[in-house]
Structures are given as C-alpha cells and as structure tokens.
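Worksheet for the structure shown next.
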Protein chains: 2
Amino acid sequence: MAVSATRQPLSRTPVSDTPEAGDAGERKPEVPETGVRGRTRRAILAAAASVLARDRGATLADIAEAAQVGRSTLHRYFPDRQDLLNATVADSFRVVERSIAAAAIDQGPPLEAMRRLITAMVDVGDRLAFLFGDPRVLEESNACFEPDTFEPDRTVPTALSLIERGQAEGVFDPQVSAEWIQQMLYAITYTGWEAAEKGLLPRHGVTSTVIRTFENGLTARS
Amino acid sequence: MAVSATRQPLSRTPVSDTPEAGDAGERKPEVPETGVRGRTRRAILAAAASVLARDRGATLADIAEAAQVGRSTLHRYFPDRQDLLNATVADSFRVVERSIAAAAIDQGPPLEAMRRLITAMVDVGDRLAFLFGDPRVLEESNACFEPDTFEPDRTVPTALSLIERGQAEGVFDPQVSAEWIQQMLYAITYTGWEAAEKGLLPRHGVTSTVIRTFENGLTARS
DNA sequence: TCATTATGGGACGCCGATGTCCCAAAAACA
DNA sequence: TGTTTTTGGGACATCGGCGTCCCATAATGA
C-alpha cells in the first residue's frame, strides 16, 4: 500500500470533471450524457478503481475486460491512460467523500464519530485502496487539482479535524501527532480491507476488528 | 503497500541463491566470487531493494543508476529482471532474518520481545517495504522457493510464534487472530517507515511511536 | 420499422523498457 | 609494468502496452 494520506487530500476539491453531476463550472456543449453513456462511464470508473486497487500496473485491457467493455470503448471515454486515472481519482474521491459525509463526523463524541468514520471507510475500502494504495496515484493526478480552488472550509469535515478535536478532548492519544493518527487510520483500514480480500478476515468482522485495533492496539486489555 | 505477510514467509528458507555465503548446497564451479564481484553484487542488491521499496515499477536503468553501475553491468550480474527480483527477495530475507534473529524474540517476556522485534524490523524498514510493499513481489518470486525445503522448525523464530506465545500468556489481544496481529505488525512498521521517509516523523522517533501504537492503539490511556 | 448512436474488435504505428552483443577504457592484480 | 578482469556505454533487435483509425454490428429510440 503505502496508505499515504499526506496533505489531507480529502479536503481538496477536484476540478469539475464530473459531467453527470452539477454543471456549475463550465460549458458542457457535448452530448448531454444520456443514460447509456453515464452507465458505461460509471462501470469503467468502478472497474478501474477495483482493478487498480488490487493490481497497480494493471493494463488498460485488464480494466476494459473487468468493465466488460471493449478496449476501444474505454479509449472512447478516456482517451488517455492519465485521463482515466484522473477521472477515477476524482470519482473515488466523490464516493469516499459521500460516504464520510454521511458519517457526520463533526457531531457527537469523538470516539463514536471515529467509529462511524471507520465504518464508512471500510464500506468504501476498495476506493481507499485505490486512492492511497500507491502514493504515486495521487501525486501524478495532482495536476488535475486546481491549486487555487482551495476551499478547505466549505468541504466535508476532514478526518484530521476529528482527530484534532478528539485529541483536544483527551480521547485520542495526545502524545503522537494528529498526522500519525491519520496515517494509522488509513493503514489499519487498508489492512482490514486487504485481510478480507484474501479471506484472512470475514467481511462482517472487518469493521469491528479495525475499530478494536484502533482503540486498543494489539495488547490485551486488563 | 499492502503489507501482505501471508503464509508467514519469514519461516520459509529460500533456495540457495547466495553465492558469497556458505557453499553447502551445490557445486559452484564459477568464478570464486572475488571481493570486487561480491561488492558490486551487494551494491546492486541493496540499490534494488531501496529503489523498488520506494518505487515499484522502477526501471532497470533506475536501479543501475542508484547502484552507481552501468546497465550492462547489472545485466551481467542478473541477466533477467526476474533474476534480479528473485535475488533481491532472497537477499532481503537474509538481511531481515539476521536482524530478527538478533532480537531473540523467543526469550523473555512477550511484550519486551515484541519491542525488540519492532526495533529490529524498523531497522530494516526499507527491506521490509520492498518485500511486503507489493504482494506481487513475493508471489512472483515464489517460484524460487523450493516447496520441499520446508524447515519451519530449524529456522529463525517467527513473529507468529511470538504472537501466539504472547496471546497464550494473556499479553496480546486474544480476541483477534494471531494472523491479524501479524498483519498489523507489518502495517504499523511500514507506516512508521513511510512516515519517516516523507519527513512526517523524525527517524529517531519511529520505533517508539510504532511500539506505542502497537501496544496502546490511538486512544489516550487513562 | 428506420435512423441514430454506441459498441467491439481488428489493424496499424509508436514508444519505452528489456535483453544481447561488442569494444574501448579503467581497474585490479601479479 | 604488463596482463587479466571488470566496467560503461553505444548499437541493435524485440516485445508489450498504448493510442488511433476504421468498419461491421448491435442497441437505442423516434
């Protein structure tokens, strides 16, 4: 993995690259994205995230096959490999953000909020694995983020803010940096996802195990 | 990363592919591996582990450059990319095993043994990052391991045995599987190495932070 | 049913990484 | 110093993934 969530990327807002969503940004005089196109597009994006999460360096043919789509069709939607990568990053961000937003981690006791956050993260495990599994995925797609469009406040409450709030309230370990806790949050979640992936952990047990490890570590509680 | 330490690979013994070490296995009628050859060979292997740990998919030219060696020289020592990969895996195993062996994790209280183990693992962080950073690295080099040469008993005491011993003595969490603890052991160590790698954590603080997180998790202790 | 749109697969050229070969220069050794 | 070993870099062919183009076919929808 790498689980490198530097620069709390969840607080960055991707440049409008989501055609089917709101059309606030620029003119979209292209085909109004009929239902068919939207469906194939989403299928490709989902397949890309899923395949790349399990195998970085997967070929475009692999992704097309996973999406049950011809390689030409894939190229028709995403001319470049980089285009596909950027779009998949942006799409995965939206999926993850939506899941996290539903957890309302800025409300309630930090410990419970963290449990909701972990649950939300495990739910979108493959997207997280894609986004943070390889540091380069994010770095290379950084180009598609507008450095000016920083709106860290108007965005989804970040994990980091929850961590800092928890530390301030004496719930999370104040001896280590908030960034470390964030890194470990991703690392533990990723490990849980991976363990389930290879059958080492039952799917339904991932969340509780991750939460348990996050809160107690790996020694026995007295 | 991936931190996939399935099948407790540290208990497997690679097929004799270490020319400069003992010559117990087979006839080695080749050049008796003079000092020069040994040094360049080790330089290449170290560079390969280091570079590949930080960038899977690094090119052979990258590795040669990092080893301060011409690309032809690299090919002279390792004709194939796969050859280099296998040799680097075997070499990294030896380095890691040696470091772990020095920790004598089969002696003393489990908690202290674990602290020594973590210290030893952090010391060879880049080797671990190479070995477990990408599940495929190990899978693909599995071919160079003799399935018959299984000697799980005569080998270095494994982390798993320490974990099981600790669980039996009520020191490590008995509610989760030993395999999960092992996975997390690699994951936390890897995260610490990576954090230091990107300057997020001071080098000297990695070990203590990893130990702290392993033992206590990320919530504040009462 | 008919026109439009989307799809899949094949053919092709391109390019970077790989692996091989060769030779002159540098280093090691006697 | 002279011989042998080792090295680095260039030249070359190969291979696989990528990106483009084209066309017959299937799906959509009016």
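Just so it is clear: chains get the letters A, B, ... in the order the sequence lines come, proteins before strands, and each one is counted from 1.
- The nearest whole Å value for the distance from the CD atom in E65(A) to the P atom in dC18(D) is 14 Å.
- Atoms CD (Q68(A)) and P (dA6(C)) sit 20 Å apart, rounded to a whole Å.
- Contact annotation: T73(B) reaches the phosphate of dG8(D) (side-chain N/O to OP1 or OP2, under 4.0 Å).
- Protein atom CD1 of I44(A) is 12 Å distant from nucleotide atom C1' of dG8(C), rounded to whole Å.
- In this structure, R39(B) atom CZ and dT5(D) atom P are separated by 17 Å, rounded to whole Å.
- Aromatic ring pairs are classed by plane angle as parallel below 30°, tilted from 30° to 60° and perpendicular above 60°; the pair F132(B) and F93(B) is perpendicular.
- As judged by a 4.0 angstrom heavy-atom cut-off over every strand, Q82(B) is placed among residues making no nucleic acid contact.
- If you check every strand for non-hydrogen atoms under 4.0 Å, R81(B) touches sugar and phosphate atoms only.
- When atom types are taken as modelled, the side chain of T189(B) and the backbone of L185(B) share a donor-acceptor pair closer than 3.5 angstrom.
- The side chain of S72(B) lies closest to dG9(D) when the candidates are dT18(C), dT20(D), dG9(D).
- For residues 60-74 of chain A, there are no side-chain hydrogen bond (donor to acceptor under 3.5 Å, both in side chains) pairs, not counting sequence neighbours.
- Checking the phosphate oxygens (OP1, OP2) of dA6(C), no side-chain nitrogen or oxygen of Y77(A) falls inside 4.0 Å.
- Taking atom CZ of residue R41(A) and atom P of nucleotide dT5(C), one finds them 20 Å apart after rounding to whole Å.
- Here the side chain of T207(A) pairs no donor or acceptor atom with the backbone of T119(A) at under 3.5 angstrom.
- Comparing dG8(C), dT20(C), dT20(D) by their nearest atom to the side chain of V69(A) picks out dG8(C).
- Of the charged side-chain nitrogens involved, at least one lies within less than 4.0 Å of a carboxylate oxygen, so that D91(A) and R127(A) count as a salt-bridged pair.
- For the pair T59(B) and dG16(C), the criterion of a side-chain N or O lying under 4.0 Å from OP1 or OP2 is not met.
- Nucleotide dC14(C) holds its C1' atom 15 Å from the CG atom of L60(A), rounded to whole Å.
- Remark: the R76(B) side chain and the dG19(C) base include no donor-acceptor N/O pair separated by less than 3.5 Å.
- Rounded to whole Å, the distance from CG on L74(A) to P on dT20(D) is 12 Å.
- Overall bending of the helix from dT1(C)-dA30(D) to dA30(C)-dT1(D), expressed as the angle between end axes built from five pairs apiece, is 30° (10° steps).
- A heavy-atom distance below 4.5 Å is found between the side chains of Q82(A) and L85(A).
- Proximity note for T40(A) (side chain, C-beta onward) versus dG19(C), dG19(D), dT7(C): the nearest is dT7(C).
- As a whole-Å value, the separation of R71(B) CZ from dG16(C) C1' is 11 Å.
- Using modelled atom types and a 3.5 Å distance limit, the side chains of S208(B) and R212(B) yield no donor-acceptor pair.
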